[in-house]
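Taking it in order: structure first as structure tokens, then the write-up.
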Amino acid sequence: MDTLTPAIDPGTGDLSLDDGALAWAPSAAIGLVVFVLRTPLGKCLADPEIGVDWRVASTDTADAPQALRREIERALRWVTEGGWITGLAVTVERAAPGRLSYTVAFHDGTRARTVRGYA
């Protein structure tokens, strides 16, 4: 358990609580990946370059899955280059008309991890 990175619910973006106290992420890498995925590009006050440009997911075009995959890879590049994660693999598929599902797989230094979501 990482005691420096708060746990963020990947589905809602809410901070997780444990008996009313702030819960901590299982690892700093998971916390960073979820933070990046839950932050819209340009909205992080510390660095406006952190986050995902989710507008590429709302474009219902033939290449929307590939565009979102590239965008998630771009958004997580600093986490990879910083050595927090290795083996990043992003897949994006059509879940329904106008919806995309994504899977972000990586290794956090202790074991393989996976984060899933919808756009």
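- Shown here for Val92 and Tyr102, the closest heavy-atom pair between the two residues is CG2-CB, 4.0 Å.
- Judged as a side-chain hydrogen bond (donor to acceptor under 3.5 Å, both in side chains), the pairs with a partner in residues 84-99 (not counting sequence neighbours) are, in order, Asp60-Arg94.
- For the residue pair Ala64 and Val56, the shortest heavy atom distance occurs at CB-O, 4.3 Å.
- For Pro65 against Ala62, the heavy-atom pair with the smallest separation is CD-O, 3.7 Å.
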Thr103 and Val90: CA distance, side-chain angles, deciding distance, side-chain contact (heavy atoms from CB on, under 4.5 Å) verdict: CA-CA 6 Å; Thr103 302; Val90 179; over 6 Å; no
Leu41 and Val52: side-chain contact (heavy atoms from CB on, under 4.5 Å), yes or no, with the steps? CA-CA 5 Å; Leu41 184 62; Val52 178; 5.9 Å; no
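- In the displayed structure, Glu49 atom CD is contacted under 6.0 Å by at most 12 heavy atoms of other residues, nucleotides or ligands.
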Walk me through it: do Val104 and Ile72 pass the test side-chain contact (heavy atoms from CB on, under 4.5 Å)? CA-CA 9 Å; Val104 178; Ile72 291 173; 4.0 Å; yes
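- One finds the CG atom of Leu88 at 11.0 Å from the CD atom of Glu81 (value rounded to the nearest 0.5 Å).
- Taking CZ of Phe35 as the reference point, atom CG of Leu76 lies at 11.5 Å (rounded to 0.5 Å).
- Considering only heavy atoms from C-beta on, Trp78 comes within 4.5 Å of Leu32 through its side chain.
- Phe106 pairs with exactly one of Ile30, Val79, Thr80, Thr114 by the side chain to side chain contact (heavy atoms under 4.5 Å, CB included) rule, that one being Ile30.
- The shortest non-hydrogen separation linking Ala57 to Leu68 is CB-CD2, 4.0 Å.
- Taking CG from Asp108 and CZ from Arg113, the interatomic distance works out to 4.5 Å, rounded to the nearest 0.5 Å.
- Within a 6.0 Å radius of CZ in Arg74, more than 12 heavy atoms belonging to other residues, nucleotides or ligands are found.
- With salt bridges taken as basic N to acidic carboxylate O contacts below 4.0 Å, none links Glu73 and Arg70.
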